[in-house]
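Chain A is the first sequence line, chain B the second, and so forth, proteins listed ahead of strands; every chain is numbered from 1.
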Amino acid sequence: MHPLLDGLNPEQRLAVTTTDGPLLVIAGAGSGKTRVIVHRMAYLLDQGLARPEQILAVTFTNKAALEMKERVHQLVPPTRRRGELLVSTFHSFCVRVLRRHLDRFGGTYTRDFTIYDTDDQGRLVKACLKELGLDEKQFPPRMIQSAISAAKNRGDTPDTLPPSSDPKRDAIVRTFRLYEARLAAANALDFDDLLLLTVRLLRRFPDVADDYNDRFRYLLIDEYQDTNPPQFNLVRLLTQRQQNLCVVGDPDQSIYKFRAADIRNILDFERHYPQAKTITLARNYRSTKTILRAANAVIRHNRARREKSLTTQNATGEPIRCVVAPDAEAEADFVVGEIIRWQRQREHLPEADTRAAVLYRTNAQSRLFEEACRRRGLPYVLVGGFSFYQRAEIKDALAYLRLLLNPHDDAAFDRIVNVPARGIGKATLDILTARASQTGVSRWTATEHLLAEGSLGGRALTALSSFVSLMRGLQAMVEGATLADLLQAVVKRSGYLDMLAQEGTLEAESRKQNLEELITAAAEADERGESLRAFLDQAALVADTDLLVEQARVTLMTIHSAKGLEFPLVFIAGLEEDLFPHARAAVDPEELEEERRLFYVAVTRAKQQLYLTQAERRRVYGEEKPTDPSRFLDELPEDALAISAWAGVRAQTASAPDGRFEPASRPIGETPWRRDGSPEPRRARPGSSARPMADAPDRQGFKVGDRVEHATFGVGQIVRVADGKLDIAFPGKGIKRFVTEAAPLTKLARR
DNA sequence: CTATCCATATTTTTT
DNA sequence: ATATGGATAG
């Protein structure tokens with residue numbers, strides 16, 4: 001047998017070797033679909049069916065792309081893969097195409113376009129509403145924003161939408177029109193545009209489409225159930241000349257409807273490609289029988305689905321443990337305590353077999369788990385939330401760079417024109433806005449016009465012209481200087497560093513450190529020979545999961561971020577009505593089914609042991625409210641659970657004599673953790689937060705709970721002191737370990 | 001024009 | 001509980 005097929009089951013082998021024509025691989029959770037894609041690519045290369053540059057593989061995140069590429073490289077000797085194997089996300093691929101060909105349109109858009117992220121988009125929508133005199137209360141920007149995005153993904157433009165007497169529809173259409181005009185004036189594309197314009201480009205210029213059709217002889221699409229209409233169109237356009245298309249996905253794991261993903265793409269694949277062969281991978285290699293049985297039972301409650309039941313030869317495994325905690329803090333404490341206990345029992349095992357994940361529905365839940373981890377000194381990595389590239393100072397610095405590359409980037413302009421404050425206030429900006437919208441030019445051009453006319457008052461004139469000369473001076477550097485030097489000049493000459501220095505707060509210090517880290521990243525990009533353009537593209541398109549540290553033994557993330565990942569130990573937290581399923585989803589039966597698929601995804605992340613937790617009370621908008629158990633809990637087979645009753649489980653809070661926190665809740669039948677028979681003291685009141693772990697201070701006087709500053713990572717909190725090593729949690733960056741003597745640390749005052 | 005205070009909404013999920 | 005935005009004062 002061919003060595004690349006070794007260790008694959010018959011269906012997987014078939015999926016790897018059926019290389020001719022369209023192929024649909026319905027791959028259940030944990031059925032080794034990534035493995036199939038990887039081996040398929042390796043097989044194509046090995047058999048000489050394609051050279052690397054003739055293969056295009058599309059994954060859901062850049063991280064997955066990198067990993068997949070690496071795995072192919074491991075399977076195929078370098079001699080067989082001269083040329084670049086293209087594995088990327090749809091968005092990254094489209095940026096590549098557009099950077100090459102967008103000029104063909106001739107109009108306002110050029111290949112120097114800027115990418116507007118969700119944040120920029122939101123600001124723009126707000127500005128448009130304001131300009132149109134529409135009330136934000138009546139038409140929430142977020143709602144308008146998603147309406148515009150939905151319309152775009154349906155293929156609508158402001159012109160195809162008829163004027164409506166419904167004030168809401170009317171507001172949407174008018175905002176949509178202005179929004180598109182402003183984007184065009186700024187030579188900016190939002191995330192949706194990246195896909196839409198690529199489709200339009202390939203349609204309008206058949207020679208370009210032909211080029212790509214000739215180049216890519218094999219197309220592989222992962223997570224096909226989450227493709228949206230423009231992505232589908234793109235796939236269509238790339239398979240005009242040949243249909244060596246392999247799509248892999250699981251309809252039961254479709255969880256991105258809010259992003260316009262259309263599950264029909266995968267359900268109707270055989271209709272779209274009549275020649276298609278279909279292979280189903282129904283054997284699960286990941287989870288225990290118990291976990292899989294639960295997953296199957298849950299997903300069976302969805303009506304709109306094709307029946308598919310996964311089987312496994314794995315062990316039966318432990319029952320799924322369900323725990324009700326009195327409140328969310330106790331829930332987090334319990335989870336962290338269990339992780340510690342579980343990992344201790346497995347100290348002798350390889351690290352990969354001791355990894356744990358805490359999954360939750362909303363990012364807001366992450367904080368509690370972070371805090372619990374810190375209290376217990378458990379190192380963790382947080383995925384998502386406010387990632388590095390979402391920090392204000394990082395976005396500010398990048399906005400300077402964006403403006404240097406594209407002066408018409410209005411979002412960048414607005415972001416930094418008065419940051420740091422240089423005397424350009426509301427009045428001046430209003431004049432600027434008026435001029436820009438009257439003449440339909442960018443804010444930068446409007447500024448130039450205003451300055452040239454000399455119609456501005458003295459103070460505004462000085463302020464604006466100093467800004468313009470700052471940018472011109474920096475612009476002169478763009479060609480010659482390295483990225484790192486350019487960035488350094490930006491933060492220095494703009495006065496950004498001075499502003500931070502003047503603030504003198506810890507917060508400002510930490511921001512400064514973040515900027516230094518960005519400069520380090522720029523220096524690394526310099527070493528890779530990356531252009532400023534590539535650096536900014538990457539910053540706009542990185543997903544939070546892309547930054548995930550694989551080695552972390554504990555990962556906190558939303559279920560959405562966990563798609564495609566697996567862990568021996570998984571906790572699904574917050575199993576409460578209105579949280580999971582989320583209140584906004586529970587009203588619509590279709591959305592409820594999507595929530596259930598989300599739950600299915602969460603359950604199937606677990607390999608060995610699964611915990612489901614609920615908090616009996618949870619703070620919502622600062623107010624404690626009682627919760628109801630999630631309806632999903634009722635959908636699990638009772639005999640797969642460690643407890644079956646959910647109502648009325650009320651555990652007392654236990655606290656250990658040495659001040660450590662113990663889980664405040666436990667499954668029925670387990671004795672509370674207590675060393676002596678003393679009456680249980682009440683838990684610290686909210687507000688006076690928990691005492692940190694009472695580790696002995698080391699000889700430099702660093703204690704758990706101290707706030708410290710590190711030269712590179714900024715301000716953090718010590719979470720563990722042991723064996724001459726310090727674990728320090730840096731907000732948003734996870735926990736790093738240092739050797740006490742060597743670490744460049746400064747102790748800071750307690751908050 | 002900037003800084004500060006107070007009211008208000010805010011929580012799905014992400015390329 | 002916290003972030004944002006508007007109003008007010010300096």
Side-chain angles (χ1 to χ4, degrees), chain A residues 58-65 88-95 115-119 121-123 126 130 136-137 140-142 146 149 153 189-195 223 226-228 230-231 254-261 328 359-368 383-387 389-390 392 418-430 457-460 462-463 503 537-546 557-563 574 578-588 591 594-595 597-599 601-602 618-624 686-687:
Chain A
V58 179
T59 57
F60 205 71
T61 65
N62 287 303
K63 167 91 188 317
S88 76
T89 61
F90 273 109
H91 288 85
S92 300
F93 171 71
C94 289
V95 170
I115 302 169
Y116 272 17
D117 65 17
T118 317
D119 209 64
Q121 237 181 91
R123 285 160 192 272
K126 265 190 198 168
K130 198 175 157 201
E136 279 192 21
K137 299 263 156 50
R142 285 183 65 97
S146 56
S149 175
N153 282 307
L189 305 183
D190 63 22
F191 281 147
D192 298 323
D193 288 332
L194 295 177
L195 304 169
E223 308 283 11
D226 279 321
T227 49
N228 63 21
Q231 289 169 339
S254 162
I255 55 174
Y256 279 95
K257 191 170 168 221
F258 70 93
R259 226 168 76 184
L359 309 182
Y360 36 80
R361 175 70 235 268
T362 67
N363 275 310
Q365 289 165 263
S366 70
R367 216 197 72 239
L368 292 162
V383 177
F386 348 77
S387 73
Y389 284 100
Q390 283 173 26
N418 201 31
V419 179
R422 43 175 77 90
I424 304 173
K426 190 172 174 303
T428 315
L429 288 177
D430 281 347
R459 189 174 296 182
T462 336
E503 265 181 59
D537 281 352
Q538 197 241 342
L541 294 175
V542 276
D544 293 316
T545 35
D546 296 352
M557 63 186 142
T558 64
I559 301 165
H560 281 89
S561 296
K563 178 160 103 156
D578 292 349
L579 182 60
F580 194 20
H582 196 275
R584 321 240 336 196
V587 285
D588 174 25
E591 284 193 50
E594 175 140 322
E595 292 284 301
R597 289 194 292 270
L598 195 56
F599 184 52
V601 167
R618 186 176 293 274
R619 242 193 298 284
V620 186
Y621 303 145
E623 203 190 351
E624 281 244 314

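- Atom CD in A/E594 sits about 13 Å away from atom P in B/dT14, given to the nearest Å.
- Using a 4.0 Å heavy-atom distance criterion, A/E223 is classed as making no nucleic acid contact.
- Taking atom CG on A/L368 and atom P on B/dT11, their separation rounds to 17 Å, with Å as the unit.
- Formation of a donor-acceptor pair under 3.5 Å by the A/Y360 side chain with backbone atoms of A/I559 is not found in this model.
- Nucleic acid contact for A/S92: none, since no nucleic acid atom lies under 4.0 Å from a heavy atom of the residue.
- Centre separation under 5.5 Å together with a plane angle under 30° holds for the ring of A/H582 and the six-membered base ring of B/dT12, marking them as stacked.
- Applying the side chain to side chain contact (heavy atoms under 4.5 Å, CB included) criterion to A/N418, with sequence neighbours excluded, gives A/A421, A/R422, A/I424.
- B/dT13 and C/dT4 are spaced 15 Å apart, taking the P atom of each and rounding to whole Å.
- If you find the closest nucleotide of DNA chain B to A/A421 and to A/Y621, the one lying nearer the 5' end belongs to A/A421.
- Residue A/T118 places no side-chain N or O under 4.0 Å from the OP1 or OP2 atom of B/dT15.
- Closest to the A/T558 side chain, of the nucleotides B/dT13, B/dT15, B/dC1, is B/dT13.
- Using a 4.0 Å heavy-atom distance criterion, A/A427 is classed as a sugar-phosphate-only contact.
- A/E623 places its CD atom 17 Å from the P atom of B/dT10, with the value rounded to the nearest Å.
- A/Y256 comes within contact range of the sugar-phosphate backbone alone, with a heavy-atom separation under 4.0 Å but no base atom that close.
- Nucleotide B/dT2 holds its P atom 9 Å from the CD1 atom of A/I424, rounded to whole Å.
- Considering only heavy atoms from C-beta on, A/Y256 stays 4.5 Å or farther from A/E223 through its side chain.
- Each of A/R584 and A/F191 lies near DNA chain B, and the nucleotide nearest A/R584 is the one positioned closer to the 5' end.
- Using a 3.5 Å distance cut-off with no hydrogens or angles, the side chains of A/T118 and A/Q121 do not pair a donor with an acceptor.
- Note that the first and last nucleotides of DNA chain C, 5' to 3', having any atom under 4.0 angstrom from a heavy atom of chain A are C/dA1 to C/dG5.
- Look at the C1' atom in both B/dT12 and C/dG5: the space between them is 23 Å, to the nearest Å.
- For A/Q538, there are no side chain to side chain donor-acceptor pair (under 3.5 Å) partners two or more places apart in sequence or in a different chain.
- For the pair A/E595 and A/R361, the salt-bridge criterion is met [side-chain N within less than 4.0 Å of a carboxylate O].
- In this structure, A/K126 reaches the sugar-phosphate backbone alone: every heavy-atom distance under 4.0 Å involves primed, P, OP1 or OP2 atoms, never a base.
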- Message: For A/N228 and A/R259: C-alpha separation, side-chain torsions, deciding distance, then whether side-chain contact (heavy atoms from CB on, under 4.5 Å) applies.
- Response: CA-CA 8 Å; A/N228 63 21; A/R259 226 168 76 184; 5.9 Å; no
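- Within the structure, a side-chain polar atom (N or O) of A/N363 is placed less than 4.0 Å from OP1 or OP2 of B/dT13.
- Using a 4.0 Å heavy-atom distance criterion, A/D117 is classed as making no nucleic acid contact.
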- Query: Yes or no on side-chain contact (heavy atoms from CB on, under 4.5 Å) for A/F90 and A/L194, after CA distance, side-chain angles and deciding distance?
  - Reply: CA-CA 9 Å; A/F90 273 109; A/L194 295 177; over 6 Å; no
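- Going from atom NZ of A/K257 over to atom C1' of B/dT14 covers 17 Å, rounded to whole Å.
- Put simply, A/N228 has no side-chain N or O that comes within less than 4.0 Å of OP1 or OP2 on B/dT15.
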